[in-house]
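Since this is a predicted model, take the numbers as computed values, not measurements. Both ligands and their constituent atoms are indexed starting at 1 by order of listing. As a basis for the values below, the full set of heavy atoms in this structure was taken, side chains included, without hydrogen atoms, waters or symmetry mates.
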Amino acid sequence: MKLYYHSSSSASLRVLIFLSCRGVPENKVKLIETGIDFDTRGIPVWTIPSDDEQYNKLKTNDYKALNPEGRVPLLLLEDGKKMTQTGAIIDLIDDLLGEPSPLIPEDPYLKAEMRRIQWIVAADTQPYQNIPFIIQAMGEWGMKKAQPIKHPLRKHFINREFSAIEEILKNVSGKYCVGDNVSYADCFLIPQIRNALASDIPLEQDFPNLHKVWENMLALPNVLGIFERAGGIIQPIVVDEKKLKEYVE
Ligand SMILES: N[C@@H](CCC(=O)N[C@@H](CS)C(=O)NCC(=O)O)C(=O)O
């Protein structure tokens with residue numbers, strides 16, 4: 001299988017952390033980092049690398065030919081089937097491994113708590129703090145308040161949802177989001193915290209339980225290594241500043 005991802009993408013990092021914490025061998029899921037271009041608004045657009053077989057097959061470097069959603073990550077199976085959406089990708093890889101996943105709590109209630117955190121990050125937080133959404137709000141809807149990464153719209157949604165997760169963690173967290181074992185919830189939450197730190201959210205002060213989980217996850221050398229290879233423990237800003245300025249103005 002092949003995973004098309006980009007290291008600046010928090011959704012991609014969810015799957016990379018999952019693969020590493022689940023101990024999936026590197027030859028089972030080959031990582032293909034997409035190329036990057038920028039549209040007229042300065043927003044990143046993914047491209048198919050020219051040395052990848054999909055480039056020859058599809059005869060274009062337009063990533064939308066591979067994934068009409070235009071988003072990373074994407075999982076390409078050996079038989080050519082594709083899967084998108086991180087929750088579905090992780091479930092599929094885990095099911096294909098064919099044994100009970102150590103990353104899913106056995107207790108049904110705790111499993112549901114894990115899914116709850118996963119969904120708050122994937123459905124209620126990430127889409128509203130995603131840089132393309134913020135740039136759209138600035139350019140089309142006149143919300144020219146600040147740089148996209150520190151934009152109050154982005155900070156509003158991160159703060160709102162982190163407050164909810166903090167309450168959940170008070171009840172179910174141990175070292176990690178759900179008890180003392182790494183679960184899917186951590187794979188989803190940690191990249192979102194990395195994004196929040198780029199927006200100057202005072203994590204330790206405002207969200208002590210999220211901070212605890214963050215510190216414990218970063219103490220795992222494999223997780224730290226993923227962030228370091230992706231540009232550091234704070235989300236890097238990937239926009240074309242010149243195009244963005246022209247668009248917003
Ligand atoms: N709900 C999707 C989110 C994927 C997503 O938003 N990916 C971002 C990068 S973090 C992306 O590719 N954005 C490009 C775009 O929206 O055009 C998932 O869980 O896979």
Contact partition for [X] relative to ligand 1, non-hydrogen atoms under 4.0 Å:
| X | result |
| --- | --- |
| A122 | neither |
| N130 | side chain |
| Q126 | side chain |

Atoms of ligand 1 under 4.0 Å from any heavy atom of S10, numbered from 1 in the order shown, are 10 (S)
Run the numbers for me: atoms of ligand 1, each under 4.0 Å from some heavy atom of A11, listed by number. 4 (C), 10 (S)
Sidechain N-carboxylate O distance under 4.0 Å for [X], [Y]:
| X | Y | result |
| --- | --- | --- |
| E246 | K243 | no |
| E249 | K245 | yes |
| R22 | E99 | yes |

Looking at ligand 1, does any of its N/O atoms fall within less than 3.5 Å of an N/O of V72?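 Among all N and O atoms of V72, at least one is under 3.5 Å from an N or O of ligand 1.
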N or O pair under 3.5 Å between S9 and ligand 1: no
To the nearest 0.5 Å, what is the distance between CG (N195) and CD1 (I234)? 11.0 Å
Nearest 0.5 Å, what's the OG1-OH distance between T60 and Y55? 7.5 Å
In this structure, does ligand 1 have an atom that sits under 4.0 Å from one of the heavy atoms of F133? no
Would you please determine whether R14 falls within less than 4.0 Å of ligand 1 on a heavy-atom basis? yes
Measure the distance from [atom] to every protein heavy atom, then report the residue, atom name and distance (to 0.1 Å) of the closest one.
| atom | answer |
| --- | --- |
| atom 20 (O) of ligand 1 | T86 N, 3.0 Å |
| atom 2 (C) of ligand 1 | Q85 OE1, 3.1 Å |
| atom 17 (O) of ligand 1 | G70 O, 3.9 Å |
| atom 5 (C) of ligand 1 | R71 CD, 3.5 Å |
| atom 11 (C) of ligand 1 | W46 NE1, 3.7 Å |

In terms of the angle between their ring planes, are Y63 and Y4 parallel, tilted or perpendicular, with boundaries placed at 30° and 60°?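 Answer is tilted, since the angle falls between 30° and 60°.
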Output yes when a side-chain donor or acceptor of S20 lies under 3.5 Å from a complementary backbone atom of L16, and no otherwise.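 No: the side chain of S20 does not pair with the backbone of L16.
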Centroid separation under 6.0 Å, is that true for the rings of F227 and W214?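 Ring-ring flag for W214/F227: true, centres closer than 6.0 Å.
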Restricting to non-hydrogen atoms, name the atom on P73 and the atom on I89 that form the minimum distance, rounded to 0.1 Å. O-CD1, 3.8 Å
